[in-house]
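Taking it in order: structure first as structure tokens, then the write-up.
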Amino acid sequence: MHPMLNTAVKAARRAASVIQRASNNLDLLRVERKEHNSFVTEVDRAAEKAIVDTLLEAYPTHAILAEEGGARGSNDYTWIIDPLDGTTNYLHGVPQYCISIALEHRGQISQAVVYDPNRNDLFTATRGAGAFLNDRRIRVSKTKEMADSLICTGFPYSDFSRLDRYMGQLKDVVQKSAGVRRPGAAALDLAYIACGRYDGFWELGLQPWDIAAGSLLVLEAGGLITDLNGEGGYLESGDVVAGTPRVFAQLLQTLQG
């Protein structure tokens, strides 16, 4: 395992200890509303601190872009961190959330970790070296037709300015696929694309920390990921389409239609 990836795994596991310990006393958590349907807890902040401290202990000059703490530092290397993707699930005791850590080097994601502490699923990837689930090499599914595909999505939850457009997309995808799921943690959704549990995914208005690690997992597992224009600007726009090569093309065409 690449040394930087190994450090990211260590950071994710430390964050998971914080998150899982607090999950036994959810009713005692202090919860703040950042914006409509967007919440932050003391657990998010404590988990993020555990990650950042671990990363900067090993690489003190690296920059950080984290959901709760924002951007700090300037370097060719930037760690992009979501300490708890799926906070709303977590607050309701729904075991569908994860820790997401990516390393961006000169504009490219080079290392990725997505860790699901409930299932002990550790997804990792290094650019050019493949994607793995618990040390087993993973590939996207072999599904070729959208009609046979299980598609994953995320509903708009804070900015509803494009809700009508999204609902139109959802209607089309429901009719053209074998089924649509909305689990509530985008980083984990992308990891599931990488290991073949889903065949396609799309969501609008995500943040870089929701996408960065999962995007490398998808690419290293043989999948495709773009924005809604079929281009590479998804970290900037927050609009993401991903899937197996054949399903991706059909899903993108459906969403653009």
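A donor-acceptor pair is defined here as one N or O able to donate and one able to accept, closer than 3.5 Å; such a pair exists between the side chain of Arg127 and the backbone of Ile109. Using modelled atom types, no side-chain atom of Glu48 and backbone atom of Pro83 make a donor-acceptor pair closer than 3.5 Å. Of the possible polar contacts, none joining the Gln111 side chain to the Leu103 backbone as a donor-acceptor pair under 3.5 Å is found. Judged by distance alone, the side chain of Arg139 and the main-chain N or O of Ala131 form no donor-acceptor pair under 3.5 Å. Of the possible polar contacts, none joining the Thr126 side chain to the His2 backbone as a donor-acceptor pair under 3.5 Å is found. Here the side chain of Gln256 pairs a donor or acceptor atom with the backbone of Leu228 at under 3.5 angstrom. Between the side chain of Thr78 and the main chain of Ser74, no donor-acceptor pair closer than 3.5 Å is present. For the pair Asp85 (side chain) and Ala187 (backbone), a donor-acceptor distance under 3.5 Å is present.
Considering CD1 of Ile193 and CD1 of Ile151, their distance stands at 7.0 Å, rounded to 0.5 Å. Of the inter-residue distances, the one linking Cys98 atom SG with Leu84 atom CG reads 8.0 Å to the nearest 0.5 angstrom. The line from CG of Leu190 to CG of Leu217 is 8.0 Å long, rounded to the nearest 0.5 Å. To the nearest 0.5 angstrom, Tyr234 atom OH is 13.5 Å from Asp210 atom CG. Rounding to the nearest 0.5 angstrom, the gap separating the CG atom in Leu219 from the CG atom in Leu224 is 7.5 Å. For the atom pair CE of Met167 and NZ of Lys171, the computed distance is 10.0 Å after rounding to the nearest 0.5 Å.
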Discussion item. Show, in sequence, the C-alpha distance, side-chain angles and deciding distance for Arg197 and Asp121, and conclude whether the salt bridge (charged side-chain N to carboxylate O under 4.0 Å, His left out) test is met.
Written reply: CA-CA 13 Å; Arg197 295 175 183 172; Asp121 278 351; 3.3 Å; yes
Discussion item. Run Phe248 and Thr226 through side-chain contact (heavy atoms from CB on, under 4.5 Å) and show every step you take.
Written reply: CA-CA 9 Å; Phe248 165 84; Thr226 70; 3.3 Å; yes
Item to complete: Take Ile101 and Ile80, measure what side-chain contact (heavy atoms from CB on, under 4.5 Å) needs, and give me the verdict at the end.
Response: CA-CA 6 Å; Ile101 304 173; Ile80 305 175; over 6 Å; no
Worksheet item: Please walk me through it: do Val241 and Ile225 pass side-chain contact (heavy atoms from CB on, under 4.5 Å)?
Response: CA-CA 6 Å; Val241 186; Ile225 180 167; over 6 Å; no
Discussion item. Applying side-chain hydrogen bond (donor to acceptor under 3.5 Å, both in side chains) to Arg182 and Thr153, what does each step give before you reach the verdict?
Written reply: CA-CA 5 Å; Arg182 197 283 190 187; Thr153 189; over 6 Å; no
Worksheet item: Are Phe201 and Arg181 close enough, and set up right, to give a side-chain contact (heavy atoms from CB on, under 4.5 Å), and what steps lead you there?
Response: CA-CA 9 Å; Phe201 168 81; Arg181 302 290 183 267; over 6 Å; no
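Inter-residue side-chain proximity for His92 and Thr87 is flagged as unmet; no heavy-atom pair is nearer than 4.5 Å. No side-chain heavy atom of Glu68 sits less than 4.5 Å from a side-chain heavy atom of Trp209. A heavy-atom distance below 4.5 Å is not found between the side chains of Val113 and Ser100. Annotation: side chain of Thr254 is not in contact with side chain of Trp202 (no heavy-atom distance under 4.5 Å). The shortest distance between side-chain heavy atoms of Leu251 and Val173 falls below 4.5 Å. Under the 4.5 Å side-chain criterion, counting only non-hydrogen atoms from C-beta, Ile81 is in contact with Ile64. You'll find the side chain of Asn89 stays beyond 4.5 Å of the side chain of Leu91, heavy atoms only. Asp116 has its side chain within reach of Leu188: a pair of non-hydrogen atoms, C-beta onward, lies under 4.5 Å apart.
Shown here for Ile51 and Ala11, the closest heavy-atom pair between the two residues is CG1-O, 3.7 Å. Counting all heavy atoms, side chain and backbone alike, Val43 lies closest to Ala22 at CG2-CB, 3.4 Å. In terms of heavy-atom proximity, Thr143 sits nearest to Thr244 at O-OG1, 3.1 Å. Nearest approach of Pro245 to Val140, heavy atoms of both residues: CD-CG2, 4.2 Å. Here the shortest heavy-atom pairing between Arg137 and Glu220 reads NH2-O, 4.5 Å. Considering every non-hydrogen atom in both Ala213 and Ala102, the closest pair reads N-CB, 3.5 Å.
Heavy-atom neighbours of Tyr59 OH from other residues, nucleotides or ligands within 6.0 Å: above the threshold of 12. For Gln253, the CD atom is loosely surrounded, since the number of other residues' heavy atoms within 6.0 Å does not exceed 12. Annotation for Asn120: atom CG counts as buried by contact number, over 12 foreign heavy atoms lying within 6.0 Å.
Salt-bridge check for Glu145 with Arg246: passed, with a basic side-chain N closer than 4.0 Å to an acidic carboxylate O. A salt bridge links Asp239 with Arg162: the closest approach of a Lys/Arg side-chain nitrogen to an acidic carboxylate oxygen falls below 4.0 angstrom. A salt bridge between Asp199 and Lys144 is absent, with no side-chain N of the basic residue lying under 4.0 Å from a carboxylate O of the acidic one.
Within the cation-pi definition used here (under 6.0 Å to the ring centroid, within 45° of the axis), Arg13 qualifies as a partner of Tyr115.
Note on Leu206: it clusters hydrophobically with Leu65, by side-chain heavy-atom contacts below 4.5 Å among ILVMFWY residues. Note: the hydrophobic cluster containing Val174 also contains Leu252 (ILVMFWY, side chain heavy atoms under 4.5 Å, direct or indirect links). A single hydrophobic cluster is seen to contain both Ile138 and Leu150, as judged by linkage of ILVMFWY side chains at heavy-atom distances under 4.5 Å, directly or through other members. Placement of Leu55 and Met4 within a single hydrophobic cluster is found when ILVMFWY residues are connected by side-chain heavy-atom separations under 4.5 Å, directly or transitively. Residue Val114 is not grouped with residue Phe132 when hydrophobic side chains (ILVMFWY) are merged at heavy-atom distances under 4.5 angstrom, including chains of intermediate members.
Using cut-offs of 30° and 60° on the angle between ring planes, the pair Phe155 and Tyr166 is perpendicular. Using bins of under 30°, 30° to 60° and over 60° for the plane-to-plane angle, the ring pair Tyr90/Tyr97 lands in the perpendicular bin.
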